[in-house]
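Here is the structure we will look at, set down as structure tokens.
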Amino acid sequence: MRYRCASPNVRHHLPLLSTPLKDCSFMRLSRLFLPTLKENPAEAVIVSHRLMLRAGMIRQHAAGIYNWLPLGTRVLQNIAKIVREEQNFAGAQEIIMPTVQSGELWKESGRYDDYGPEMLRIKDRHERDMLYGPTHEEVVTDIFRNNAKSYRNLPLNLYQIHWKFRDEVRPRFGVMRGREFLMKDAYSFDVDFERSKHSYNQMFVAYLRTFARMGLKAIPMRADSGPIGGDMSHEFIVLAETGESAVFCHKGLLEKPAPENVDYQSNLQAIIDDWTSLYAATEEKHDAAMEAKLGADLVKARGIEVGHIFHFGTKYSAAMKAQIAGPDGQPLTPLMGSYGIGVSRLVGAIIEASHDDAGIIWPEGVAPFRVGIINLKVGDAACDAACTDLYAKFTKAGVDVLYDDRDERAGVKFADNDLIGVPWQIVIGPKGIAKGVVELKRRGSTEKEEISLDAALNKFTAK
RNA sequence: CGGAGCGUAGCUCAGCCUGGUAGAGCGCCAGCUUUGGGAGCUGGAUGUCGGAGGUUCGAAUCCUCUCGCUCCGACCA
């Protein structure tokens with residue numbers, strides 16, 4: 001393993017109070033706890049799992065349960081940030097519900113017996129039935145019924161980004177199919193079907209934007225919606241060559257841009273219709289006759305499910321007697337929907353969709369660091385000075401920067417920076433410095449550009 | 001949950017069939033040389049051979065049990 005233990009005083013040179021620094025991450029690679037692996041671990045079969053282990057993002061703790069190391073944690077948090085922003089834009093409100101839940105609520109909804117061994121059941125010291133939450137419909141419905149009083153409290157959409165546990169029979173594919181996983185789950189409450197559908201549409205649009213911001217092509221596909229029927233359940237499938245299931249869709253869906261400048265209060269139905277009018281289906285539900293008609297417009301690809309939204313009406317609100325006063329003063333049972341995004345799974349999905357032989361290619365929105373400074377000759381006064389100066393300026397300007405100040409050979413540094421997928425790499429060596437230039441490389445492209453130090457600085461700090 | 005396989009150094013793995021007391025490459029530590037795509041030489045550290053029991057003079061190796069992990073299939077954010 002190639003790492004040194006990070007000191008808790010890494011940032012001791014910074015002012016502790018009234019810091020002028022913007023919210024950004026910055027780190028010297030010599031201090032980063034980054035245990036990269038040169039060889040492929042035997043346990044990992046798919047590329048995202050291999051790369052996450054090799055890039056020092058995660059380590060397995062038990063089957064389907066992972067430790068997230070600093071690099072992986074940064075990516076996970078960047079993804080969560082995008083999810084959170086888009087949920088907030090769409091009008092959802094963030095809460096945090098317990099991971100360990102009381103079994104009583106599940107007995108009320110009837111799912112305590114229905115759920116099966118996927119649910120991890122625990123007894124506390126008083127022999128009470130507890131469980132580690134695989135989902136939170138019961139808890140959120142309980143929150144609602146205890147605290148919402150009137151139709152005037154609606155519409156309401158509560159979400160959380162939290163860890164869940166499902167005791168899968170066969171966890172695999174690293175974080176793509178773990179037992180413990182980080183998920184965004186939102187729950188909407190509305191007075192009638194039309195308004196409930198609007199809540200559903202808000203999430204639909206938010207999802208389109210969320211995945212696009214992560215650099216993903218995510219296609220909404222009609223999914224089983226249970227007893228409610230209709231078109232009120234969609235899976236969002238990320239297209240990736242190594243995806244777990246085959247998907248079929250109209251090629252127009254691949255070029256469709258995510259909606260911008262959305263007014264979430266306005267009627268969003270036209271956007272939903274635009275996206276759902278084109279054919280898209282997973283392997284299980286595909287229709288050979290429809291596909292034959294598409295001809296050259298048919299795209300066959302592979303995909304990973306990263307989101308699922310559905311409307312389920314009064315299933316939980318009725319079972320758990322979550323009633324509020326309606327406009328006429330009579331009790332009203334709200335209609336509900338729930339909306340999931342697999343946040344930890346997305347880390348794997350993004351890698352599946354974006355990598356090459358050298359390693360991960362992070363889209364800028366989720367990269368653990370945006371810019372890498374690679375000092376090719378640590379100990380050379382000119383190189384050191386140029387690097388530390390640039391590093392300090394990036395830090396001050398709020399640019400997420402990783403400075404590779406390790407006393408390693410050039411090849412090692414290039415390999416590690418490529419492996420962990422730093423999107424922009426500024427290579428600073430004695431030859432360039434003598435000419436007053438550095439080399440700028442874009443991860444994933446073979447192009448290299450020689451520019452001045454000032455130009456490199458401006459490229460990432462200019463508005 | 002059915003079927004298959006694997007646990008030996010931080011990682012990848014050899015040794016097991018045919019029992020004789022622990023190995024290689026990479027990584028790690030020290031030194032010298034090197035220095036623009038995972039360097040070279042020299043020296044060094046590292047293992048309860050997953051665990052328990054058994055057979056044997058002797059077990060990484062054979063037997064039994066057990067724990068963990070992985071793969072294929074059925075199931076899922």
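A, B, ... follow the sequence lines: proteins, then strands. Residue 1 opens every chain.
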Worksheet item: Hey, is the side chain of A:K441 pairing donor to acceptor with the base of B:G37 inside 3.5 Å?
Response: yes

Worksheet item: Is the shortest distance from a Lys or Arg side-chain nitrogen in A:K256 or A:D274 to a carboxylate oxygen in the other one below 4.0 Å?
Response: yes

Worksheet entry | Base partner of B:U12, which must satisfy Watson-Crick or wobble distances under 3.5 Å | B:A24

Item to complete: Take the angle between the ring planes of A:W106 and A:Y115 and call it parallel below 30°, perpendicular above 60°, tilted in between.
Response: perpendicular

Worksheet item: Can you check whether A:R409 has a side-chain N or O nearer than 4.0 Å to OP1 or OP2 of B:A39?
Response: yes

Discussion item. For a 4.5 angstrom cut-off between non-hydrogen side-chain atoms, does A:Y339 reach A:Y207?
Written reply: yes

Item to complete: Taking only heavy atoms on the protein side, list every residue of residues 359-372 of chain A lying under 4.0 Å from any atom of RNA chain B, sorted numerically.
Response: none

Discussion item. For A:R111, is there an ion pair with A:E137 - N to carboxylate O distance below 4.0 angstrom?
Written reply: yes

Discussion item. Using a heavy-atom cut-off of 4.0 Å across all strands, would you classify A:A410 as base, sugar-phosphate, or nothing?
Written reply: sugar-phosphate

Worksheet item: Got a donor-acceptor pair under 3.5 Å from the side chain of A:E439 to the base of B:G36?
Response: yes

Worksheet item: Nucleotide by nucleotide, 5' to 3', does protein get under 4.0 Å of the base (B), only the sugar-phosphate (S), or neither (-) in nucleotides 71-77 of chain B, counting heavy atoms?
Response: BBBBBBB

Worksheet item: Counting any heavy atom closer than 4.0 Å, what does A:A358 reach on the DNA or RNA strands: base, sugar-phosphate only, or nothing?
Response: nothing

Discussion item. Taking the minimum atom-to-atom distance to the side chain of A:K431, which one of B:A39, B:C11, B:G36 wins?
Written reply: B:G36

Fill in: side chain to side chain donor-acceptor pair (under 3.5 Å) pairs, two or more places apart, involving residues 436-456 of chain A
A:D356-A:R443

Fill in: Spacing of A:D407 atom CG relative to B:A39 atom P, expressed in whole Å
13 Å

Practice prompt. Would you please classify the geometry between the A:H234 ring and the A:F204 ring as parallel, tilted or perpendicular, with 30° and 60° separating the classes?
Written response: perpendicular

Worksheet entry | P gap between B:C67 and B:G20, integer Å | 30 Å

Worksheet item: Is the shortest side-chain N/O distance from A:Q60 to OP1 or OP2 of B:G68 below 4.0 Å?
Response: no

Fill in: Residue mapping more 5' on RNA chain B - nearest nucleotide basis, A:A42 or A:I433
A:A42

Worksheet item: Are the side chains of A:K413 and A:V378 in touch, meaning some heavy atoms are under 4.5 Å apart?
Response: yes

Discussion item. Parallel, tilted or perpendicular: which one describes the rings of A:F236 and A:F211, with boundaries at 30° and 60°?
Written reply: tilted

Worksheet entry | Donor-acceptor pair between A:N88 and A:E94 side chains, under 3.5 angstrom | no

Practice prompt. Mind calculating the distance between CG (A:L53) and C1' (B:U70) to the nearest angstrom?
Written response: 13 Å

Worksheet item: What does A:N40 touch in the nucleic acid at a heavy-atom separation under 4.0 angstrom: a base, only the sugar-phosphate, or nothing?
Response: sugar-phosphate

Discussion item. Can you tell me the base-pairing partner of B:C69? Count Watson-Crick or G-U wobble geometry only, both distances below 3.5 Å, and say none if there is no partner.
Written reply: B:G5

Worksheet entry | Residue-phosphate contact under 4.0 Å: A:K38 side-chain N/O, B:G27 OP1/OP2 | yes

